[in-house]
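Step one of this worksheet: look at the structure below.
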Amino acid sequence: MAELNIYDLIYDITRQIPRGRVTSYGAIARCIGTGGSARLVGWAMNACHTLKNVPAHRVVNRNGLLTGKHHFATPTLMQELLEKEGVKVIDDQIQDFDKVFWDPMTLI
DNA sequence: ATTCTGACGTGGG
DNA sequence: CCCCACGCCAGAA
């Protein structure tokens with residue numbers, strides 16, 4: 001009972017990402033304990049895409065590259081949202097990634 | 001049931 | 001420096 005599925009866990013973490021901050025799939029994967037299954041995070045994002053209140057645009061790969069922007073309503077929506085929150089994105093690459101990077105472990 | 005791919009990450013050559 | 005292969009879990013064909 002009350003077994004938090006991997007998805008719920010990912011959603012919960014992703015939802016708690018502060019505005020103007022971003023994180024990586026692998027960071028979340030490690031936080032939940034899936035370890036190297038960073039792909040699951042991305043897959044969960046896809047599932048969350050149909051849901052709501054999950055800022056998937058704040059989750060990028062470890063390079064800080066907007067690899068999943070094509071999964072949004074529009075390929076530019078992800079960048080638009082990020083820039084709107086104060087995150088500079090140039091050529092699908094987050095600028096100052098180290099500065100805007102938010103570690104989910106901070107919750108723990 | 002098996003096989004492949006996928007919004008990733010790490011390691012090796 | 002760049003390219004390739006492996007590992008991870010889940011879903012679709």
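So that the names make sense, note that chain A is the first sequence line, chain B the second, and so on, each numbered from 1.
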In whole angstrom, give the distance that lies between atom [atom1] of [X] and atom [atom2] of [N].
X	N	atom1	atom2	answer
A:N63	B:dA7	CG	C1'	13 Å
A:I28	B:dG9	CD1	P	10 Å
A:N46	B:dA7	CG	P	8 Å
A:H70	B:dA7	NE2	P	10 Å
A:R62	B:dT10	CZ	C1'	9 Å

(message) I'd like the P distance from C:dC2 over to B:dA7, given in whole Å.
(response) 23 Å

(message) Once ring-ring contact (aromatic ring centres under 6.0 Å, His included) is applied, do any residues pair with A:F97, and if so which ones, sequence neighbours excluded?
(response) A:F101

Close side-chain approach of [X] and [Y], heavy atoms under 4.5 Å:
X	Y	value
A:T34	A:I10	no
A:Q93	A:I90	no
A:V87	A:R58	no

(request) Between A:R30 and A:V59, just flag the one whose closest nucleotide in DNA chain B comes earlier from the 5' side. (result) A:V59

(message) Under 4.0 Å, counting only non-hydrogen atoms across every strand here, what does A:A56 touch: a base, just sugar-phosphate, or nothing?
(response) base

(request) Might you work through the side-chain contact (heavy atoms from CB on, under 4.5 Å) test for A:Y25 and A:M45, ending with a clear yes or no? (result) CA-CA 10 Å; A:Y25 302 98; A:M45 292 289 113; 4.1 Å; yes

(message) Reading DNA chain C in the 5' to 3' direction, which nucleotide is the first one with an atom under 4.0 Å from a heavy atom of chain A, and which is the last?
(response) C:dG7 to C:dG11

(message) Show me the pairs that pass ring-ring contact (aromatic ring centres under 6.0 Å, His included) and involve residues 53-75 of chain A, at least two apart or across chains.
(response) none

